[in-house]
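Protein chains get the first letters and strands the later ones, always in sequence-line order, with residue 1 at the start of each. Keep in mind it's a predicted model, so treat the numbers as computed, not measured.
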2 protein chains.
Amino acid sequence: MKRLPDKTVERLSQYRRTLNNQLAKGKTHIFSHEIANLLHITPVQVRRDIMLIGYSGTLRKGYDISEMIELIGTIIDTDQGVRIAVIGMGNLGKAFIHYMYEKRTKLKIVAAFDVNPDKIDKSYEDVYCYHLDKLEEIMIEKEISVAIIATPPEVASPLADRLKEAGIRGILNYTPRPLSPREGVYLEEHDMITSLEKVAYFVKN
Amino acid sequence: MKRLPDKTVERLSQYRRTLNNQLAKGKTHIFSHEIANLLHITPVQVRRDIMLIGYSGTLRKGYDISEMIELIGTIIDTDQGVRIAVIGMGNLGKAFIHYMYEKRTKLKIVAAFDVNPDKIDKSYEDVYCYHLDKLEEIMIEKEISVAIIATPPEVASPLADRLKEAGIRGILNYTPRPLSPREGVYLEEHDMITSLEKVAYFVKN
DNA sequence: TTAGATTTGTTAAAAATTTAACAGCTATTT
DNA sequence: AAATAGCTGTTAAATTTTTAACAAATCTAA
Ligand SMILES: NC(=O)c1ccc[n+]([C@@H]2O[C@H](COP(=O)([O-])OP(=O)(O)OC[C@H]3O[C@@H](n4cnc5c(N)ncnc54)[C@H](O)[C@@H]3O)[C@@H](O)[C@H]2O)c1
Ligand SMILES: NC(=O)c1ccc[n+]([C@@H]2O[C@H](COP(=O)([O-])OP(=O)(O)OC[C@H]3O[C@@H](n4cnc5c(N)ncnc54)[C@H](O)[C@@H]3O)[C@@H](O)[C@H]2O)c1
């Protein structure tokens, strides 16, 4: 398949979440305009994305929810699933773990790391927290390929170096200190203040 | 000034954050390529954004950091600042409050709301937590115009109705249940799983 | 069975965003 | 003081993303 547009990849993830919700409600089929309403985008965009991933619905019946969830899975999931570490077991780290807990997705948080003795060698919702010293060892042992950084901002950059050294493939940085890109490591960042300021700007205007 | 592109508004917030960091390090001027490196975007984009907000740097000296911070403030801040409520004082709500604490921005979290007696009538980092019953009353009293929803997903939608009724102007929804847009209320949503799945996808390919 | 209403799938057009190109200014060097 | 190098500001081009347009398929109901 041709490389999908970035924006489509982002939306696939949202489609799947929405589809799972609907499936749980007992629906088996769904129309493009229904998906669109749930995600406040346009039906055309939904259909176009679905076209791009090579799926087809049934005329006047819509899309088969299970099939589509399945297919999206084959596109955005890896076969064995992605194994993830959370670094920094503070509020944010815990919110993450809590959020992922019980979500049946191929993304699995398999370890947490911290430096605070109060947090180490305990489990939070089935995720065991190790001392940061064990990072390299556990990363290999658990085949971790993605890390979420939720530490204080000062340590983010050296941590990213260390992660790269240990073979990390992707980093999701929630620290407000943007990281410089590292060869071979996919980097994604998010800042709540940016989201908030955007809301504030558009509220004002 | 002409309406700024959405993407530019988002970046302005990031510029300011970066500029504040640099100012704190004692720098007074900065080049477009320096900003670009720190945020891993291109220098052209930085210059273009700066042009759009009508600021000018000095040739061969770059941009005056303080002036630019000031100017960005006049664009994305409101005069009196935006007064914000966090609803749901769990991990995520606390992470938010902790993050905003001591950040000198015009965005101010002035109240939190919850329904759990353990959380109510206590302060967390100077933010007082009220019972949700007091929502309307406190919203008026504290002139709250933006709400961050960090409750369990089930309550998000009725909550949004209630917020709208009480005159909210913007909602930042961190619940994984997308809200339908409400007339006159600017809505922004974010899902960590989407970010994660994006990382996972690009790590795989 | 024909007309009408829906809804998909696809191509084309439009809009938004990013990137490139380059002219012009300023400091520095020779 | 002339040449050079470093950066900015701006217009134009390229790319990406969204929206529109519409043919084709399927069901409903007259
Ligand atoms: N991007 C955003 O939108 C956003 C939102 C909230 C918080 N944040 C940021 O996320 C980070 C975490 O926020 P929080 O509220 O969870 O803070 P927190 O203080 O509750 O948690 C930080 C945790 O990191 C641990 N830690 C410290 N140094 C470490 C190291 N070297 N290695 C591993 N762990 C280490 C601490 O022991 C603590 O458990 C902060 O940098 C904060 O600024 C970002
Ligand atoms: N979008 C994301 O990226 C992301 C990430 C993490 C968590 N989440 C979501 O954010 C929400 C909060 O996560 P968390 O880890 O903080 O959960 P949490 O359980 O720690 O916190 C939820 C809080 O909301 C309170 N609450 C319950 N009902 C309420 C109501 N009607 N009004 C006000 N408060 C109420 C609870 O008492 C609790 O304090 C959840 O919906 C979770 O799924 C989203």
With sequence neighbours left out, what residues match B/K108 under side chain to side chain contact (heavy atoms under 4.5 Å, CB included)?
-> B/V110
Pairs touching residues 129-148 of chain B that satisfy salt bridge (Lys or Arg N to Asp or Glu O under 4.0 Å), sequence neighbours left out = B/E136-B/R162
Measure the distance from CD on B/E34 to P on D/dC7 and round it to the nearest whole Å.
-> 8 Å
Using chain A heavy atoms and a threshold of under 4.0 Å, write down where along DNA chain C the contacts begin and end, 5' to 3'.
-> C/dA5 to C/dA12
Value in whole Å for how far the P atom of D/dC22 lies from CZ of A/R47 = 14 Å
Heavy-atom side-chain contact between A/I41 and A/R11 under 4.5 Å | yes
In plain terms, say whether A/R16 and B/E197 are close enough for a salt bridge, that is, a side-chain N and a carboxylate O under 4.0 Å apart.
-> yes
The side chain to side chain donor-acceptor pair (under 3.5 Å) partners of B/R17 (sequence neighbours excluded) come to A/D191
Backbone N/O of A/M89 and side chain of A/D114: donor-acceptor pair under 3.5 Å = yes
Side chain to side chain contact (heavy atoms under 4.5 Å, CB included) with B/N91: which residues, sequence neighbours excluded?
-> A/K94, A/A95, A/H98, A/Y124
Do B/I171 and B/E188 come close enough that some side-chain heavy atom pair is under 4.5 Å?
-> no
Polar-atom pairs under 3.5 Å, protein N or O versus N or O of nucleotides 12-18 of chain D: list them with distances, or write none.
residue: D/dT18; atom: OP1; partner: A/R11; partner atom: NH1; Å: 3.3
residue: D/dT18; atom: OP2; partner: A/R11; partner atom: NH1; Å: 2.9
residue: D/dT18; atom: OP2; partner: A/R11; partner atom: NH2; Å: 3.0
residue: D/dT18; atom: OP2; partner: A/Q45; partner atom: NE2; Å: 3.2
residue: D/dT18; atom: O5'; partner: A/Q45; partner atom: NE2; Å: 3.2

Quick note, side-chain hydrogen bond (donor to acceptor under 3.5 Å, both in side chains) partners involving residues 58-72 of chain A, not counting sequence neighbours, are A/Y55-A/E67
Could you pull out all residues at least two apart from B/R182 that satisfy salt bridge (charged side-chain N to carboxylate O under 4.0 Å, His left out)?
-> B/D161
Non-hydrogen side-chain atoms of A/V127 and A/Y101 separated by less than 4.5 Å = no
For DNA chain C, the residues among residues 190-198 of chain A that have a non-hydrogen atom under 4.0 Å from it = none
Contacts of type side chain to side chain donor-acceptor pair (under 3.5 Å), residue B/S195, not counting sequence neighbours | none
Check nucleotides 25-28 of chain D against the protein and report each pair of N or O atoms closer than 3.5 Å, with its distance, or say if there are none.
none

For B/R48, what residues pass the salt bridge (charged side-chain N to carboxylate O under 4.0 Å, His left out) criterion, not counting sequence neighbours?
-> none
